[in-house]
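Before any comments, here is the structure.
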Amino acid sequence: MCKNSNHPFPTMSDAEMKDPKDEIIEIDALDESADTEDESSDGTNTEDEDTEDDDNDESIESKHIKEYIEILTKIAGDKYNYDNYAELLEVAHQMNDLDKIRQSAEIFAAMYPLSPEIWLRWLKIESSLATTDEEVEKVEKLFQRALSDYYSAEVALEFAALAMKTNSKTIAERIWKTLIPTYGLHTMKGRSIFEAYREDTLTKDGDSPASFNRLARIYEQELKIPLRNMEDSYIEYKLLCEKYKDVLTDLDVEKFERRYKQAKEALQRMLPHETALAALEAHCHQERADLYRKYIADCQTLLDDDEVQILYERMVTECCLDGAVWHEYVRYLHRCPPDAEDNSASPVFRQTELDLVNRALRNCTWSAELYVEKMRIVERQATPTSKMTILKIMEDVASAGLQTPEASVKVWLEYLTYLRRVTDFASEKERDILRANFDLAWNQLGRTWGVLADPQCKILQYWGRLEYEALGEPNKGRDLWYSVMASSDNSSRVGLWIEFIEMEAKRGPEAARKLYRKSITTAGLDDPETLAAAWLRFERCNGTLEQLISCQELCNATIEKYYKTISKNGPSNRATKGKRSEAIGTTAHKDSDASAAKRQASSMDGTGGSPPGKKKMKRTNDNLSDTVGERHEEFKTPAIPPLHNSSKTHDLSKQEPSKPQIVIDIDSESDAKPGGDQSRQVFVSNLSFEVTETDIREIFPDLAIESIELVASSSGKSRGFGYMQLASAEEVPKALSFDRRPLNGRPVFISNVARDKTTRPHQFKYSSSFEPNKLFIKGLPFNLGQEELRRLFEPFGSIKDIRIVCFRSGKSKGLAYLEYEKESSAKNAVLKMDQHVIDGFTITVAISSPPPKKNPTATEPTLSVGDSGGSSSSLGSGKKLLGKWDVKQKLSPMIPTAVLKRSAAAASEEKPKSNDDFRKLLLK
């Protein structure tokens, strides 16, 4: 194709395009114009202006050529720079040189897949120039390549225009066989493809019975697919059937109507997702990927495998730089491979897993997961060339350059694992090859990443375990594991020590004991209790009495030191978990200021801690000290005062002196309770300390509030609770309905002001029984709001209410209750959304069935009067009188449950025997 700097890609000369008469008229007009200009000008020669224009064109052209060559030089020096390729192609288009456009596009395509926009710009030029069947076939191959790079409905529509343009039925049929099975499934653009197909069919076949029957088959094929505006096609089909009912054959109305109804129902489910995708801005790639995941999860059961695959194709096209979406697509294709024989012409359905992962890696050359997936695919194929192919994959990894050391470690581990599976460990040569690859991996990671390379030494851990086991060199394995433990903070990881000891135990108990002793004395262990318990169990199974005692002493010393460090520096995350280990005992004396956790560790074997015969103090009282008064000032929480009814309470002074109690005087709400009519008051709490009376009035505009009294501390600061005096008692239920309304990010708790719990109405406003139309959802992202939750679950039915459970601070607990109008909606939501993943959180969805709630008055003091007069006290519930079964209850742990139940039943059923009863027994 010749280049023309003034007209882009001309196919005919200007003389060929003009009529001769028009040419004469134009020449005359030009002569008149020239005469006028000569008369009005000072004799300026227009030829000079033409020369200047030509010079400008030549300078622009030479500038473009120079720029084109410079970019080619850049590409030769840095072949992975995407922007250079895009710039080269843009310069070629500015030059209006088709040869340069082709050349630059091929250079671009050799390194990266071309985007649909780039293909479309090129293909429109090629299509407009193709006139002969041979030229059309060349353009057809370009279209096939474009559709293999990305799934693009726009490119497909241009391809359909080429089919309609060509006069060759063979070429047209080949194009339609490519487009219809693939792009006819596009929910939003599929109908346009079918419309073009029907129009081309009528144009090429003419009006004939065969043509009308073929047209009917096309309609039937279209109307079983959920496509936007399919109602219009349905009307057209019905009109066709009515008009040509005498010539149409093989019409199965019942089957057609059933399929159309199913497609229509599926479309109703799909359209909200399509609307959400269309509303997203182009740069919102992560949000788009999440919407597609939700789309697929919601509609997968309603669609065929081919239709689901099209959704994956659209997702990877629109989020092509997200390695995760490509990986998900590869895993789907592994689970649901398409039948290539059914759609052999389709570039989508004829691709294999390997084809797809190669497409993915052309887009995401940095994705370790995709390289791992490719190695597994090649290994599953088990061809004679599999080893060489996997080796080539590792070479591609090295040339591509992964972006993080963790990604490099992941790929190397997969490669070494593959080598382990194919290694013949009976062959010394193959064992040495495997060792050489481990050594290569370790050294290459070190050269590439330096100190950042594999700080946890996963490569050496794997290598060392193999040396202990399959490679048969435990001494080398031990050396490797010592290197592991000496690296980074691995020596503080108890899990690694236990794994090391487990392998070393194969060399004998003494080797394991030596390693236990070394590990327990290592500074900074993250969980010494677990390690100590493991060593103790080992000595119980394998050691002598002296070895067991030595183990206990060393472990106790380590744990004591560990908890001293915690008491000085504050508990770590691991320390606060409250783990319990096996008993490790000693009679060593413990300092009185040791923490409860320290005493727990020292008394785990039951022989240490408190002196014999002395009852242990409760854990809740262990930390009481002289600073109690200080804590009273810091924690002034409202407390419910004891009941003043003498019939239900007992004087604490009557308790036995041998059972001392520590009583902490805490400020109560009763001291701050205002006067007024309690029937018109409500108690508000969980307020931020900065909240004012004005703030409270603003969030409750619907309430008639007479006054608000916020309770303050002695320093004058708000204590976060108070009382609202309402205009009338009728306002109280209305106020209670506003419970948990947010204020400054915290839910405001509103409760009845009644003090006596026996007279306080039960205010739990949520059902405690099975609710078939309500969902209980847990595992939600903590930043997920009501609107996002509504959008997730609204496709299943009309939502009545949503409640996200929050902490007092207003932060979400990751739990929610969602109530539907209908039970069927809730059931469908459970089936579709249970174990759904949202922003990396896997949620659990179930029908709400709360456990039975306790008696509201269960916290009140309860008294039981028995035959004996003994009494015992319970913290916060007054005195408790001992009944006749109290002693037996203390002994019950020593008696088997079955015997205890039988004896209790017998005791309750038997009556005292009379003399006659005994006489009868003796006479038997």
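None of these values were measured; they are calculated from a predicted model.
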Side chain to side chain, Thr844 and Gln835, heavy atoms closer than 4.5 Å: yes
Any Ile799 side-chain heavy atom under 4.5 Å of Arg790 side chain: yes
Side chain proximity check, Asp702 to Lys734, heavy atoms < 4.5 angstrom: yes
Nearest atoms (heavy-atom pairs only) where Ala826 meets Ile847: CB-CD1, 3.9 Å
Residue pair Arg740 / Val748, side-chain heavy-atom distance below 4.5 Å: no
side-chain contact (heavy atoms from CB on, under 4.5 Å) involving Val805 - partner list, sequence neighbours excluded: Arg803, Lys813, Leu815, Tyr817
Partners meeting ring pair (Phe, Tyr, Trp, His ring centres under 6.0 Å) with Phe793 (sequence neighbours left out): none
Which residues share a ring pair (Phe, Tyr, Trp, His ring centres under 6.0 Å) with Tyr292, sequence neighbours left out: none
Non-hydrogen side-chain atoms of Phe749 and Asp739 separated by less than 4.5 Å: yes
Counterpart residues, side-chain contact (heavy atoms from CB on, under 4.5 Å), relative to Ala846 (two or more places apart): none
Contacts of Asp695 that satisfy salt bridge (charged side-chain N to carboxylate O under 4.0 Å, His left out) - sequence neighbours left out: none
Lys NZ or Arg CZ of Arg741 over Phe738 ring: under 6.0 Å, within 45°: yes
Atom pair NE2/CD of His283 and Glu287 - distance to nearest 0.5 Å: 7.5 Å
Sub-4.5 Å side-chain heavy-atom contact between Leu743 and Phe700: no
With sequence neighbours excluded, residues passing side-chain contact (heavy atoms from CB on, under 4.5 Å) with Thr275: none
Between OG on residue Ser679 and CD on residue Glu730, distance to nearest 0.5 Å: 9.0 Å
Separation of Gln786 CD from Arg791 CZ (nearest 0.5 Å): 12.0 Å
Side chain proximity check, Leu703 to Glu731, heavy atoms < 4.5 angstrom: yes
For Glu698 against Pro701, the heavy-atom pair lying closest together: O-CD, 3.4 Å
Residues Leu303, Leu311; criterion side-chain contact (heavy atoms from CB on, under 4.5 Å); working and verdict: CA-CA 10 Å; Leu303 303 177; Leu311 290 179; 3.9 Å; yes
Backbone N/O of Tyr820 and side chain of Asn773: donor-acceptor pair under 3.5 Å: yes
Any donor-acceptor N/O pair, Glu709 side chain to Tyr723 backbone, under 3.5 Å: no
Trace of the side-chain contact (heavy atoms from CB on, under 4.5 Å) decision for Glu328 with Ile296: CA-CA 11 Å; Glu328 291 168 22; Ile296 293 169; over 6 Å; no
Straight-line distance of Leu775 CG to Met833 CE, nearest 0.5 Å: 10.0 Å
Residues which pass side chain to side chain donor-acceptor pair (under 3.5 Å) with Glu706, listed by chain and number, not counting sequence neighbours: Arg680
Verdict with reasoning, Val682 to Asn752, per side-chain contact (heavy atoms from CB on, under 4.5 Å): CA-CA 5 Å; Val682 291; Asn752 196 289; over 6 Å; no
Pairwise side-chain contact, Met724 with Ile696, heavy-atom cut-off 4.5 Å (strictly under): yes
Which atom of Leu726 lies closest to which atom of Ala735, heavy atoms considered: CD1-CB, 3.9 Å
Which atom of Ser812 lies closest to which atom of Ile804, heavy atoms considered: OG-CG2, 3.6 Å
Donor-acceptor under 3.5 Å (Ser825 side chain, Phe796 main chain): yes
Which residues share a side chain to side chain donor-acceptor pair (under 3.5 Å) with Glu693, sequence neighbours left out: Arg697
Member of Lys294, Arg288, Arg293 meeting the salt bridge (charged side-chain N to carboxylate O under 4.0 Å, His left out) criterion with Asp290: Arg293
Residues, nucleotides or ligands: over 12 heavy atoms within 6.0 Å of Lys827 NZ: no
Criterion side-chain contact (heavy atoms from CB on, under 4.5 Å) on Asp322 and Gln286, from CA distance to verdict: CA-CA 8 Å; Asp322 187 345; Gln286 187 58 52; 3.9 Å; yes
Between CG on residue Leu780 and NE2 on residue His836, distance to nearest 0.5 Å: 10.5 Å
Heavy-atom pair with the smallest gap, counting every atom of Cys319 and Ala289: SG-N, 3.8 Å
Residue list, side chain to side chain donor-acceptor pair (under 3.5 Å) with Asn828, at least two apart or on another chain: none
Partner set under side chain to side chain donor-acceptor pair (under 3.5 Å) for Lys778, not counting sequence neighbours: none
Nearest atoms (heavy-atom pairs only) where Leu710 meets Val691: CD1-O, 3.6 Å
Review item, side-chain donor-acceptor pairs of residues 264-273, under 3.5 Å, at least two apart:
residue: Lys264; atom: NZ; partner: Glu231; partner atom: OE2; Å: 2.0
residue: Arg269; atom: NH1; partner: Asp298; partner atom: O; Å: 3.0
residue: Arg269; atom: NH1; partner: Asp298; partner atom: OD1; Å: 3.1
residue: His273; atom: NE2; partner: Asp298; partner atom: OD2; Å: 2.6

Atom pair NZ (Lys822) and OG (Ser798), whose distance is rounded to the nearest 0.5 Å: 8.5 Å
Results of side-chain contact (heavy atoms from CB on, under 4.5 Å) for Glu274 - residues two or more places apart only: Thr187, Met188, Leu277, Tyr295, Arg314
